[in-house]
Amino acid sequence: MKEDIQSILYSEEQLADKVRQLGREISRDYAGKNPLLVSVLKGSVVFMSDLMRAIDIPCQIDFMMVSSYGSGVKTTGVVKIMKDLDTPLEGRDLIIVEDILDSGKTLHYLKGMLLDRHPKSIRIVTLLDKPDRREAPVAADYSGFVVPDQFIVGYGLDYAEKYRNLPYIGVLKPEIYTK
Ligand code: IMP
Ligand code: MG
């Protein structure tokens, strides 16, 4: 796998430091509450599992899986729920946990859908943010790193389902996805 990586963008240590910092902020902001962390499968599982251990107040977790509707290359932003949450959201403080915020279309749609279930609040935490690519009006409440417009993999992020298990985040060599 590592022969396909052009450069390491964030090392294991840098990721661990950032996740600890995000965990501290969330613990402080949600003191006295019992937030529900919602992970959108599959990319955010690695971040989720580290982040939940960096939060030192009571919290709960749940997972959902969505797939984008659309004709091939063009994403409409309309998503189909492949696996829904098990937890009722009425009155809950939700924190959506994302690996990377790119066009924002998926999250914009998802947030609207979850708001219809009357949670008390919804915030978004994303490890990585590519603001230059944003097309939908959605912003992260907590974000780890602002990343340049490059295709990156590792720490949960994939290319064609590969590289999710790399412990660091790296830039994929362009010849891997152009060949
Ligand atoms: P969007 O914000 O609706 O465009 O979708 C964001 C999703 O696109 C993320 O959850 C990732 O699955 C994927 N994605 C965007 N940029 C990258 C990248 O650089 N590497 C791997 N996956 C990415
Ligand atoms: Mg994803």
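Just follow the structure's listing: the first ligand is 1, and inside any ligand the first atom is 1. Nothing here was measured: the structure is a model prediction, and the numbers come from that model. Reckoned from all heavy atoms, side chains included, excluding hydrogens, waters and symmetry mates.
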Going by heavy atoms, is V153 under 4.0 Å from ligand 1? no
Do you know which two heavy atoms are closest between R92 and P119, and how far apart they sit? O-CB, 3.4 Å
Give the single entry among T106, D149, V79 that approaches atom 5 (O) of ligand 1 most closely by any heavy atom. T106
Are Y177 and F151 close enough that their ring centres sit under 6.0 Å apart? yes
Non-neighbouring partners of E175 that pass side chain to side chain donor-acceptor pair (under 3.5 Å), sequence neighbours left out: none
Can you list the ligand 1 atoms lying under 4.0 Å from a non-hydrogen atom of I152? 18 (C), 19 (O), 20 (N), 21 (C)
E98 heavy atoms within 4.0 Å reach ligand 1 at atoms 10 (O)
Is NZ or CZ of K162 both nearer than 6.0 Å to the six-membered ring centre of Y159 and within 45° of the ring axis? no
Looking at ligand 1, does G104 have a heavy atom less than 4.0 Å from it? yes
Shortest non-hydrogen pair, L157 vs L128, comes out as CD1-CD1, 3.4 Å
Please output the side-chain donor-acceptor pairs of residues 137-148 that fall under 3.5 Å, not counting sequence neighbours, one pair per line with the distance.
| unit_1 | atom_1 | unit_2 | atom_2 | d |
| --- | --- | --- | --- | --- |
| D141 | OD2 | I124 | N | 2.8 |
| Y142 | OH | D29 | OD2 | 2.6 |
| Y142 | OH | R123 | NH1 | 2.8 |

Which of the atoms of ligand 1 are close to D158, meaning less than 4.0 Å from one of its heavy atoms? 21 (C)
Would you say K130 touches ligand 1, if touching means a heavy atom closer than 4.0 Å? yes
When you measure from the heavy atoms of Q150 to every atom of ligand 1, does any distance fall below 4.0 Å? yes
Full working for salt bridge (charged side-chain N to carboxylate O under 4.0 Å, His left out) between E90 and R117: CA-CA 6 Å; E90 181 112 32; R117 301 182 192 180; over 6 Å; no
At less than 4.0 angstrom from any non-hydrogen atom of S103, what atoms of ligand 1 do you find? 1 (P), 2 (O), 3 (O), 4 (O)
